[in-house]
Q: 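First, the structure itself, so that you have it in front of you.
Computation of the quantities below employed the complete heavy-atom set of this structure, encompassing side-chain atoms and omitting hydrogens, waters and symmetry-equivalent molecules.
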Amino acid sequence: MPELLRSLTRSWSSTLKLPKSTFPARVTPADQTKYLRRCTDDLYAWQRRERTADRPFVLHDGPPYANGDVHVGHALNKILKDIICRVQLGLGKGVRYVPGWDCHGLPIELKALEKQKYLKESDRPVSAAVIRKAARKLADQTVREQMKWFREFAVMGDWENHWKTMDKEFEKRQLAIFREMVEKGLIYRRFKPVYWSPSTGTALAEAELEYKDDHISIAALVKFPLVSIPPHLAQNPLLQVKDLSAVIWTTTPWTLPANNVIAVHPDLEYAIVQSEVHGHLLVAQSRIEYLENSLKEDLSVIVPAIHGSELADRTTYRPLFKGSNTEAQPIIAAEFVTADSGSGLVHCAPGHGMDDYDACVSRGIPAFAPVDDHGRFTDKAMPSDPARLSGKSVLDEGNIACLEYIESQGHLLAKHQYEHKYPYDWRSKLPIIIRATEQWFADVADIRSSAVKALEDVRFVPTSGRQRLENFIKNRSEWCISRQRAWGVPIPALYHRGTGEAVLTKDTVSHIMDKIEERGVDAWWTDDANDPAWIPPFLQDASGPGYRRGTDTMDVWFDSGTSWAGIDTPYSDGYPSDVYLEGTDQHRGWFQSGLLTFIAHQLASGQTSASRAPYKNLITHGFTLDEEGRKMSKSIGNVLHPQSIMDGTLLPPLKPRKGKGKKQTESQGPVYDALGPDALRLWVASSDYTRDVVIGKQVLQTVNTSLHKYRVTFKMLLGALSDFSLENRLPYDELQEVDRIALMHLSELVLACQKANENFEFYKAVNAINRWANLEFSAFYMEAIKDRLYTLGENSPSRRAAQTTLLHIYHHLQEALAPITPVLVEETWEHTPETIKTYCEHPLRRVVAAPAPEWQSHTLEADFQDLVAVHSAIKTAQEKSRAKKEIGSSLQSFVHIILPEGMRESVFQRNLSELPDLFVVSSVTLGTPVEPTPTAIADAQWQYSEEYELPNGQKGTVYVFTPQASKCQRCWRYVIAEPQAVEETLTCNLNVT
């Protein structure tokens with residue numbers, strides 16, 4: 001008999017319907033390439049053919065810079081864009097995503113020159129032709145390398161037709177937009193202060209600055225001798241003009257040689273004080289104490305309460321660096337003057353300050369900037385003694401020389417080191433200066449009101465982006481678009497060889513564009529300087545000195561800002577693009593330049609209706625940080641390459657290394673599963689990208705765990721559906737209570753994901769999927785239906801009901817994960833049974849289905865909450881028994897539920913036969929408080945009770961006790977009496993076939 005029982009046990013095991021699937025439990029790297037191509041290039045090509053709507057969904061690529069290696073910041077950006085495109089694909093739309101690259105500018109130029117070793121050994125200036133050739137080669141190479149990695153991230157797009165700002169067609173469109181702005185009078189040339197980088201020798205836009213908070217300057221209190229004062233002050237017998245000086249405070253002493261006026265605030269009160277050492281001094285009344293502390297002496301107030309308006313335009317002073325023959329300069333009134341710091345009087349050098357320039361130009365006072373391209377003083381800085389300053393760097397020895405001269409003349413009152421915020425060149429990481437030069441500007445003042453108005457209809461994610469961008473636009477009056485570099489699109493201006501006067505008109509630009517079309521843009525630099533072909537006939541005069549071609553190039557933000565002109569799909573409601581998505585720093589960069597150029601284009605085109613922005617939705621993401629909140633930096637050593645995330649080398653080991661009987665040691669390094677691009681993508685999708693995004697081992701371990709959970713879930717689903725076909729589906733009303741609850745949970749998941757995707761909040765979708773996979777699906781539904789799946793007959797209604805539910809779950813889970821982990825979803829399709837695949841659309845091509853309305857039920861939700869409350873009490877009682885090692889499996893227990901008094905038609909009574917499956921126990925009985933406790937509980941070998949409370953406040957008790965039966969050798973349930981024959985040891989023998 002024992003041998004017969006063992007034989008039967010083996011045969012019973014073979015009758016179980018255990019899940020069987022070809023879907024691998026772990027990623028197979030060899031298959032990743034196949035799946036990757038299918039879910040990217042093949043999918044994009046398919047939707048371009050099949051989704052031929054008049055107007056597809058357009059995500060316009062903000063061009064990454066073609067300089068340097070790919071990093072996790074690139075991955076965050078590109079994958080977010082791809083997720084958005086795939087969400088739209090799931091909504092039934094065709095998508096248009098054409099990747100682009102920004103290829104011009106100083107960083108590429110400098111890096112290209114660094115690679116030309118033979119150029120470093122020569123003192124001769126490098127020709128523009130050599131620079132452009134080297135820069136173009138570097139940009140081309142970088143684009144190829146970056147593109148390879150972006151495609152490895154499972155980003156689908158029109159890679160074959162990608163665009164570059166150095167492409168001929170792109171440059172033609174850019175010059176056409178520039179010509180429109182010239183014709184509209186929005187481009188002009190002016191000598192005025194701009195941000196200037198001495199380290200790179202070019203003007204900079206504000207977007208090319210970064211501010212350092214701990215910059216150290218030498219601040220100085222300097223006195224300027226007054227020449228004349230208002231008559232009512234001159235009559236004061238205590239005052240003598242020859243002994244009276246205005247006190248200014250400056251953190252840029254090097255700008256003093258360019259001083260043209262001193263400014264006071266018209267409403268501030270000033271005073272004349274007496275110093276034993278320095279004579280009579282004019283200072284803001286509220287700053288006397290500061291001046292005393294600086295001079296380390298007590299000052300006597302001689303004349304108090306002089307309004308700034310009394311001093312303005314009636315007071316003059318002698319400049320310090322222009323020689324004794326220079327006329328006296330005026331004190332003027334200006335609203336930007338404050339008494340928050342310094343002396344309350346501001347020295348103004350209109351050639352070195354934006355506010356200074358505006359205050360002076362309105363009074364006809366010209367800008368003066370005796371500083372060259374490299375930030376060194378010229379001979380004009382100090383005409384009376386040129387050698388004292390000429391050739392010295394204004395930020396270093398020139399600044400010191402200025403202070404030494406002032407001190408030698410007795411004009412320096414005090415100096416000290418001053419730590420403050422200061423702008424730096426974002427490329428060279430060195431300080432910049434403000435310097436007046438001849439530059440080309442785009443007039444923003446005339447279009448900014450239209451630009452701000454156009455933003456009213458734009459959706460911002462996050463919403464704070466609206467105020468940020470509006471502020472940048474409102475505070476900007478002009479845009480310096482010229483750069484003194486060789487690598488870029490030329491500003492097509494001509495200059496008179498005699499007077500230097502610039503010529504830039506629609507006709508001259510059109511003529512030059514024709515020549516560029518004929519000869520190529522490089523010919524602007526490589527053709528002979530005297531080649532007359534570039535000069536329009538109406539400017540050619542054989543007797544005159546003629547014209548020359550300019551050498552300035554356009555700001556790279558103007559390049560990329562005009563990229564909307566390359567969108568080759570019909571505009572939707574006037575918007576070229578549905579989405580622009582970049583880092584938050586682009587509020588002052590590409591978002592702004594794209595808006596301004598598009599508004600200018602619309603105005604130049606004579607559009608009379610309200611202007612539009614080039615985007616419907618403007619989305620910004622933060623920067624990537626390590627787990628300690630630090631920015632990625634090579635010097636710190638915390639830079640992560642996306643490949644290390646895809647191959648798992650940054651994750652802690654999941655299990656010891658196998659092979660040769662050796663345990664893994666610390667020195668052998670960690671071993672991880674290579675999860676491919678889905679690991680990188682899931683990190684992106686699970687991050688709240690609207691703020692800075694953290695990445696590191698702990699974060700990636702969570703991603704790794706989630707991906708494994710998805711695989712296990714799909715493997716189980718495919719295994720459970722291996723013998724199922726769509727003909728086996730049951731209608732909703734034939735499903736069991738637990739199946740309907742599972743579909744209710746699935747409906748909630750689908751709706752949560754759809755809402756999250758609609759709001760571009762993908763991390764909320766990931767959170768919902770993870771919560772559902774771990775709780776409602778694994779911990780609840782799968783636990784409840786295992787016996788139905790594994791022990792019941794293949795075609796039994798109960799088993800088919802469970803499989804019907806699992807099929808719905810399988811389809812919707814594929815759709816939820818399709819935008820996030822497309823390689824995994826593609827792989828599930830490979831292993832989907834043909835009986836299901838024949839009747840279903842590919843999950844990546846499928847239009848996402850809405851959950852059936854009947855799945856959403858308030859009654860089911862209430863039932864579920866009641867079941868959870870009782871189930872929790874049962875588990876608590878079982879844990880008490882398990883702690884004493886009285887049970888192992890939960891099936892080793894019977895349950896008796898005492899329902900609350902008066903409860904009728906509850907989920908427990910309606911579904912009593914399903915409760916053992918739902919609670920994963922062998923038997924469930926119900927009772928009421930007035931009924932006696934069953935004798936089976938009293939006679940049980942062990943028993944535990946636990947009180948529960950339903951959501952409505954009603955309370956009851958559960959009893960968990962020893963099974964009063966034998967265990968089935970097939971399903972392991974305790975539901976029959978002692979066997980009289982071998983066949984009777986099966987409780988499920990009728991369901992085997």
Side-chain angles (χ1 to χ4, degrees), residues 104-107 109-110 125 188-212 215 217 250-260 347-358 360-361 366-381 389-399 401-402 420-442 444 476-488 491 493 500 502 550-558 588-589:
H104 290 136
L106 183 61
E109 180 175 326
L110 295 179
Y188 58 87
R189 185 168 174 82
R190 183 175 294 170
F191 182 79
K192 66 171 297 182
V194 295
Y195 297 113
W196 186 271
S197 173
S199 57
T200 53
T202 185
L204 299 177
E206 188 173 351
E208 297 171 299
L209 305 179
E210 58 184 26
Y211 287 84
K212 188 176 179 182
H215 180 81
S217 294
T250 180
T251 59
T252 55
W254 63 267
T255 62
L256 291 171
N259 172 268
N260 272 357
H347 119 76
C348 294
H352 295 298
M354 311 295 191
D355 289 334
D356 302 10
Y357 176 83
D358 291 335
C360 291
V361 73
F368 172 57
V371 179
D372 67 16
D373 291 354
H374 301 288
R376 297 182 297 237
F377 280 122
T378 66
D379 290 348
K380 294 180 180 180
L389 296 180
S390 185
K392 294 178 180 178
S393 169
V394 299
L395 291 174
D396 298 306
E397 69 268 23
N399 198 46
C402 284
H420 62 124
K421 190 175 184 178
Y422 193 86
Y424 277 58
D425 183 333
W426 73 327
R427 298 181 179 98
S428 67
K429 309 301 180 184
L430 294 173
I432 62 99
I433 61 174
I434 295 176
R435 172 185 177 236
T437 60
E438 288 278 1
Q439 300 290 342
W440 290 99
F441 295 88
V444 176
R476 189 173 194 175
S477 61
E478 57 189 5
W479 171 11
C480 179
I481 62 170
S482 52
R483 296 293 180 270
Q484 288 65 54
R485 309 308 306 179
W487 177 229
I491 290 182
T551 57
D552 286 351
T553 55
M554 292 190 201
D555 177 15
V556 293
W557 296 111
F558 194 94
R588 64 176 186 174

Q: Do Glu438 and Asp552 make a side-chain contact, defined as non-hydrogen atoms from C-beta onward lying under 4.5 Å apart?
A: no
Q: Verify the distance criterion only: is there a donor paired with an acceptor across the side chains of Ser390 and Asp379 at less than 3.5 Å?
A: yes
Q: Is there a side-chain hydrogen bond (donor to acceptor under 3.5 Å, both in side chains) between Ser482 and Asp555? Walk through the geometry before answering.
A: CA-CA 6 Å; Ser482 52; Asp555 177 15; over 6 Å; no
Q: Are Leu204 and Val194 side-chain neighbours, meaning at least one heavy-atom pair lies under 4.5 Å?
A: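 Side chain of Leu204 against side chain of Val194, heavy atoms only: no contact under 4.5 Å found.
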Q: Pair His347, Leu256 - check side-chain contact (heavy atoms from CB on, under 4.5 Å), show working.
A: CA-CA 8 Å; His347 119 76; Leu256 291 171; 3.7 Å; yes
Q: Which heavy-atom pair separates Ala369 from Arg435 by the least distance, and what is that distance?
A: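 Answer, listing the atom of Ala369 first, then Arg435: CB-CG, 4.4 Å.
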Q: By salt bridge (charged side-chain N to carboxylate O under 4.0 Å, His left out), which residues pair with Asp396, not counting sequence neighbours?
A: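 Scan of Asp396 (salt bridge (charged side-chain N to carboxylate O under 4.0 Å, His left out), adjacent residues dropped) gives none.
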Q: Mind checking the CG-OG1 spacing from Asp372 to Thr437? Nearest 0.5 Å is all I need.
A: 12.0 Å
Q: Tyr424 and His215: ring-ring contact (aromatic ring centres under 6.0 Å, His included), yes or no, with the steps?
A: CA-CA 10 Å; Tyr424 277 58; His215 180 81; 5.6 Å; yes
Q: Apply side-chain contact (heavy atoms from CB on, under 4.5 Å) to Leu106 and Trp487, showing your working.
A: CA-CA 7 Å; Leu106 183 61; Trp487 177 229; over 6 Å; no
Q: For Cys348 and Tyr357: C-alpha separation, side-chain torsions, deciding distance, then whether side-chain contact (heavy atoms from CB on, under 4.5 Å) applies.
A: CA-CA 8 Å; Cys348 294; Tyr357 176 83; over 6 Å; no
Q: Would you verify whether the NZ or CZ of Lys212 falls within 45 degrees of the ring axis of Tyr422 while also being under 6.0 Å from that six-membered ring's centre?
A: no
Q: With sequence neighbours excluded, tell me which residues meet side chain to side chain contact (heavy atoms under 4.5 Å, CB included) with Thr553.
A: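 Residues passing side chain to side chain contact (heavy atoms under 4.5 Å, CB included) with Thr553: Arg483, Arg485, Trp525.
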Q: For the CG atom of Asp373 and the OG1 atom of Thr378, what is their distance to the nearest 0.5 Å?
A: 11.0 Å
Q: Should Pro350 and Phe368 count as side-chain neighbours, where that means a heavy-atom distance under 4.5 Å?
A: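 Contact flag for Pro350/Phe368 side chains = no.
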Q: Looking at side-chain heavy atoms only, is the closest gap between Ile433 and Trp254 below 4.5 Å?
A: yes
Q: Minimum heavy-atom separation for Leu389 and Gly398, please, with both atom names.
A: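 That closest heavy-atom pairing would be CD2-O, 4.2 Å.
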Q: Using atom types as modelled and distance alone, determine if a side-chain donor or acceptor of Asn260 lies under 3.5 Å from a backbone N or O of Pro366.
A: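 Checking the backbone N and O of Pro366 against the side chain of Asn260, a donor-acceptor pair under 3.5 Å is found.
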Q: Locate the shortest heavy-atom distance separating Arg189 from Ala502; write the atom from each residue and the value.
A: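 Closest approach of Arg189 to Ala502, heavy atoms only: CD-CB, 3.8 Å.
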Q: What is the minimum heavy-atom distance between Ala486 and Glu109, and which atoms define it?
A: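 It is N-OE1, 3.5 Å.
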Q: Can you tell if the side chain of Met554 reaches within under 4.5 Å of the side chain of His104, non-hydrogen atoms only?
A: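 Met554 vs His104: side chains apart.
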Q: Can you say whether the rings of Tyr188 and Phe441 are parallel (under 30°), tilted (30 to 60°) or perpendicular (over 60°)?
A: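 Ring orientation of Tyr188 relative to Phe441: parallel.
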Q: Looking at Arg376 and Val371, would you say the former's side chain and the latter's main chain have a donor-acceptor pair under 3.5 Å?
A: no
Q: Kindly indicate whether the side chain of Trp196, heavy atoms from C-beta on, has any atom under 4.5 Å from the side chain of Ile434.
A: no
Q: Take Ser428 and Ser199 through the test side-chain hydrogen bond (donor to acceptor under 3.5 Å, both in side chains) and record every step on the way to the result.
A: CA-CA 7 Å; Ser428 67; Ser199 57; 2.6 Å; yes
Q: Return yes if some donor-acceptor pair links the side-chain N/O of Thr250 with the main-chain N/O of Thr252 below 3.5 Å, else return no.
A: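 Judged by distance alone, yes, a pair lies under 3.5 Å.
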Q: Mind listing the closest non-hydrogen atom pair of Ala349 and Asp356 along with its distance?
A: N-OD2, 2.9 Å
Q: Could you measure the distance from the SG atom of Cys480 to the CZ atom of Arg190? Nearest 0.5 Å is fine.
A: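 Between Cys480 SG and Arg190 CZ, I get 12.0 Å after rounding to 0.5 Å.
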Q: Distance from Trp557 atom CH2 to Trp479 atom CH2, nearest 0.5 Å?
A: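 So the gap between those two atoms works out to 10.0 Å.
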Q: Atom NZ of residue position Lys421 - does it have more than 12 heavy atoms of other residues, nucleotides or ligands inside 6.0 Å?
A: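 Atom NZ in Lys421 is not packed in, count stays at 12 or less.
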Q: Between Ala493 and Trp440, which heavy-atom pair has the shortest distance, and what is it?
A: CB-CZ2, 3.6 Å
Q: A side-chain contact here means heavy atoms from C-beta on lying under 4.5 Å apart; do Tyr195 and Leu209 qualify?
A: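 Answer yes - side chains close enough.
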Q: To the nearest 0.5 Å, what is the distance between CG (Asp355) and SG (Cys360)?
A: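 Answer for the CG-SG pair, Asp355 versus Cys360, is 10.5 Å.
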Q: Any side-chain heavy atom of Ser197 within less than 4.5 Å of one from Gln484?
A: no
